[in-house]
K.L.:
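Would you mind keeping the following structure in view while I ask a few things?
Residue numbers run from 1 in the order of the sequence given. Because the structure is predicted, anything quoted here is derived from the model rather than measured.
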Amino acid sequence: MVNQTAPPVRLGSQFWMVSAVLAVLAAVGIWFWYWFPIEQYLPAAIVTARQVDTLFRFMAATGTALYIFIAGYLVYFSIAFRVRKSDPPDAIGVQIHDNHKLELWWTIIPALFVVLLSAVSVRIWYEIMLEPQNGLVVQAIGHQFDFTFRYPQVNGEITDEMHLPIGVPVTLNLTSSDVIHSFWVPAMRLKNDTVPGLVTEIRFTPRLEGRYQIICTQFCGVLHSQMNKQVLVIESRDKFNAWFHGWQVKNAHVSNALPTTTGTAINLSNANIGAGQTLFKQKCSACHSTGPFDQRIVGPGLKAVLHDPTHPNLVDGDPATEANVAKILQTGYTGSIGSMPNATTNGLSDQDIANLVVYLNSLK
């Protein structure tokens, strides 16, 4: 009768020496993440950034310790139980099954870790998502390829920078006019997607004055990288009030309603070339240049789009007339040369379309 009971495996003194070395290295790793000055390299612009840093330190420290033990034992066992020249060609390692004590501990320890991590995460999530309750409500809208911002008591959209007063709670509502973007300010430690037709929110209180980069972290088109050029400005209440009042005056005559089109023929009689040029820089220049037709960014260059004898027709095949340009701006375009969103997606009113048409007609 063959005895199939494996002899007991003795790890020996070397194993415990290696374990002691790994424990020291793990302690050094934990100490490093406790000491590492994250704020020196990444300022904490809002109150809850500190809590997020605490969670990051906890996860980085435990992850570092786990990695040191796992990688260390992997190297040690690979060396200690390697095949030796004196072993027979058909030698196999010791087969170990059903070590209940070991299985019990590698179940209990990860479970305790997950419970602890969940408790810390929920506490921080509560502070980020549910507090503060009151304060300034701002809307950030993702576009291809920038963010615009809407403030209460300021008409229309603000297109350059997002300003916030220091110490005032903020509820930031996020949405998108075209595709999925993601609003991320590393100095805030907060990030959320902007989804068409869906409003998501994040809450925070600015605590540190400065200018912080806004980044889109969802690849949203060929000019996705251009969306890292805008900034969040956190400033004193007096400076914010002056900036806020400036936009109230600047946008006093702008409609506060979301831009819509009537779908009817565009009236060009009251169009303004200057307003069209400004709008082109804000909304169209991300995809079109004012250079020749072949000077493409996403779509073709629009120089002499209504006066180019080599391109008498528009991209949809219709003759290059003001009415047909207005039609493309209203309904959008999809064809062999690419796609352009319609006026609703681009946030263009009938007046905006008229202004753009007369501006494009002036490009000769």
K.L.:
Would you indicate whether Leu314, at its atom CG, is surrounded by more than 12 heavy atoms from other residues, nucleotides or ligands within a distance under 6.0 Å?
P.N.:
yes
K.L.:
Side-chain heavy atoms nearer than 4.5 Å, only ILVMFWY residues, links allowed to pass through others: does that put Val21 and Val18 together?
P.N.:
yes
K.L.:
Does Leu190 reach the side chain of Ile46, with side-chain heavy atoms less than 4.5 Å apart?
P.N.:
yes
K.L.:
Apart from Leu112 itself, what residues make up its hydrophobic cluster, given side-chain heavy atom links below 4.5 Å?
P.N.:
Leu104, Ile108
K.L.:
Please check if Val138 and Val47 belong to a single hydrophobic cluster, counting links between Ile, Leu, Val, Met, Phe, Trp and Tyr side chain heavy atoms closer than 4.5 Å.
P.N.:
no
K.L.:
Can you classify the ring geometry of Phe147 versus Phe183 as parallel (below 30°), tilted (30 to 60°) or perpendicular (above 60°)?
P.N.:
perpendicular
K.L.:
Do the charged groups of Lys101 and Glu103 touch, with an N to O distance under 4.0 Å?
P.N.:
no
K.L.:
Sort and list the pairs that fulfil salt bridge (Lys or Arg N to Asp or Glu O under 4.0 Å) and have at least one residue in residues 205-223, not counting sequence neighbours.
P.N.:
Glu161-Arg211
K.L.:
Without swapping roles, check the side chain of His288 against the backbone of Pro300 for a donor-acceptor pair under 3.5 Å.
P.N.:
yes
K.L.:
Name the orientation class of the two ring planes belonging to Phe56 and Trp33 (parallel below 30°, tilted from 30 to 60°, perpendicular beyond 60°).
P.N.:
perpendicular
K.L.:
Decide whether Ser236 and Asp238 meet the rule of one side-chain donor and one side-chain acceptor closer than 3.5 Å.
P.N.:
no
K.L.:
Does a side-chain heavy-atom distance below 4.5 Å link Ile124 with Val120?
P.N.:
yes
K.L.:
Ring centres of Phe219 and His224 under 6.0 Å apart?
P.N.:
yes
K.L.:
Hey, what do you get for NE2 (His163) to NZ (Lys239), rounding to the nearest 0.5 Å?
P.N.:
11.0 Å
K.L.:
Starting from the C-alpha separation in whole Å, work towards a yes-or-no answer on ring-ring contact (aromatic ring centres under 6.0 Å, His included) for Trp243 and Tyr151.
P.N.:
CA-CA 12 Å; Trp243 173 85; Tyr151 287 73; 5.3 Å; yes
K.L.:
Which hydrophobic side chains are connected to Val75, either touching it within the sub-4.5 Å cutoff or through other members that do?
P.N.:
Ile79
K.L.:
Is it the case that Gln295 and Ser289 place a side-chain donor and acceptor less than 3.5 Å from each other?
P.N.:
yes
K.L.:
If I take atom OG from residue Ser118 and atom CZ from residue Arg123, how far apart are they, to the nearest 0.5 angstrom?
P.N.:
15.0 Å
K.L.:
Using the six-membered ring wherever Trp is involved, compare the ring planes of Tyr76 and Phe15 and label them parallel, tilted or perpendicular (cut-offs 30° and 60°).
P.N.:
tilted
K.L.:
Determine yes or no for a side-chain-to-main-chain donor-acceptor pair under 3.5 angstrom, with Ser177 supplying the side chain and Ile141 the backbone.
P.N.:
no
K.L.:
Any chance CH2 of Trp247 has more than 12 other-residue heavy atoms, nucleotides or ligands included, within less than 6.0 Å?
P.N.:
yes
K.L.:
Are the side chains of Ile328 and Val315 in touch, meaning some heavy atoms are under 4.5 Å apart?
P.N.:
yes
K.L.:
Is it true that Thr194 and His181 share a donor-acceptor pair across their side chains at a distance under 3.5 Å?
P.N.:
no
K.L.:
Strictly by modelled atom types, are Gln218 and Ser182 linked by a side-chain donor-acceptor pair under 3.5 Å?
P.N.:
no
K.L.:
With a 3.5 Å cut-off and no angle check, do the side chains of Glu322 and Asn361 form a donor-acceptor pair?
P.N.:
yes
K.L.:
In the structure I gave you, are the side-chain heavy atoms of Pro43 and Tyr212 within less than 4.5 Å of one another anywhere?
P.N.:
yes
K.L.:
Mind checking whether Val168 and Phe240 have side chains closer than 4.5 Å, heavy atoms only?
P.N.:
no
K.L.:
Taking the six-membered ring for Trp and the single ring otherwise, decide whether the centroids of Trp31 and Phe36 are under 6.0 Å apart.
P.N.:
no
K.L.:
If we ignore angles and hydrogens, is there a donor and acceptor under 3.5 Å between the side chains of Thr278 and Tyr359?
P.N.:
no
K.L.:
Mark yes or no for whether Thr48, through its side chain, and Gln51, through its backbone, hold a donor-acceptor pair below 3.5 Å.
P.N.:
no
K.L.:
For the pair Asn355 (side chain) and Gln351 (backbone), establish whether a donor and an acceptor sit closer than 3.5 Å, ignoring hydrogens and angles.
P.N.:
yes
K.L.:
Inspect the surroundings of NE2 in His245 and state if more than 12 heavy atoms from other residues, nucleotides or ligands are less than 6.0 Å away.
P.N.:
no
K.L.:
Is any side-chain N of the basic residue among Asp318 and Lys327 closer than 4.0 Å to the acidic one's carboxylate O?
P.N.:
yes
K.L.:
Between Val170 and Pro206, is there a side-chain heavy-atom distance shorter than 4.5 Å?
P.N.:
yes
K.L.:
Do the side chain of Gln213 and the main chain of Asn228 share a donor and acceptor less than 3.5 angstrom apart?
P.N.:
yes
